[in-house]
Visitor: 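I'd like to ask some things about the structure below.
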Amino acid sequence: MSDTEALRAEIERTRDALGYDVDALADKVNPSSIAHRQTDKLKSRAGAIRDSIMGSASDAKDAGVSAVDSAKDVGAAAIGKAKGNPLAVGLVVFGIGWLVSSLIPASERERDVADTVKDKAQPLVAAAGDAAKDVAANLKEPAMDAATAVKESATDAVAAVKDQAQASTSDVTESAQASRQNLQG
């Protein structure tokens with residue numbers, strides 16, 4: 001093989017490798033591929049969360065419960081609990097929405113709105129912090145009173161147990177002496 005043919009073969013290999021790299025890069029920046037990867041990440045995270053809460057599917061299989069039955073049971077239990085607690089349903093839906101929204105990049109308009117809301121919410125955050133401090137200050141004295149009452153109750157209980165133990169000791173000592181006298185006499 002001549003130098004020219006070797007050089008052409010090397011150029012062809014480089015061209016093939018470069019074509020592969022360009023295709024991979026195009027796939028990586030393709031919006032549908034990005035969406036697919038984000039969906040896979042979301043499914044993976046949801047599966048991991050589900051597994052950490054309910055155990056893995058193999059655990060369920062080992063326990064003799066099929067994954068479909070488990071899902072139906074969990075769904076039925078969640079629906080049953082949710083009927084009496086719409087706040088819980090709202091929080092779950094909010095959490096799911098928040099998770100999905102965190103996967104989608106924010107637009108310039110959304111960032112502007114978020115900055116505006118943040119600036120307007122700052123006084124509310126400060127007011128909430130002040131209110132929390134006031135509540136803590138108001139609860140401090142009742143908590144100290146309750147702690148004092150518990151301490152006094154514990155002290156009284158210790159004294160009562162001590163008195164009872166001393167009385168029992170005296171009774172046992174008297175009984176032992178009486179028994180000894182009966183045995184000697």
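Every heavy atom of this structure was used, including side-chain atoms; hydrogens, water molecules and symmetry mates were not.
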Visitor: I need the Asp16 CG to Arg13 CZ distance, nearest 0.5 Å.
Guide: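 If I round to the nearest 0.5 Å, the distance is 9.5 Å.
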
Visitor: Salt-bridged, Glu5 to Arg8, with N to O below 4.0 Å?
Guide: no

Visitor: Rounded to the nearest 0.5 Å, what separation is found between the CG atom of Leu7 and the OG1 atom of Thr14?
Guide: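 Here the interatomic distance stands at 9.0 Å.
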
Visitor: Return the CD to CD distance between Glu12 and Glu10, rounded to the nearest 0.5 Å.
Guide: 11.0 Å

Visitor: Can you tell me how far apart CG (Asn182) and CD (Gln177) are? Round to the nearest 0.5 Å.
Guide: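 Here the rounded value is 12.0 Å.
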
Visitor: Okay, side chain of Ser44, backbone of Asp40: is any donor-acceptor separation there less than 3.5 Å?
Guide: no

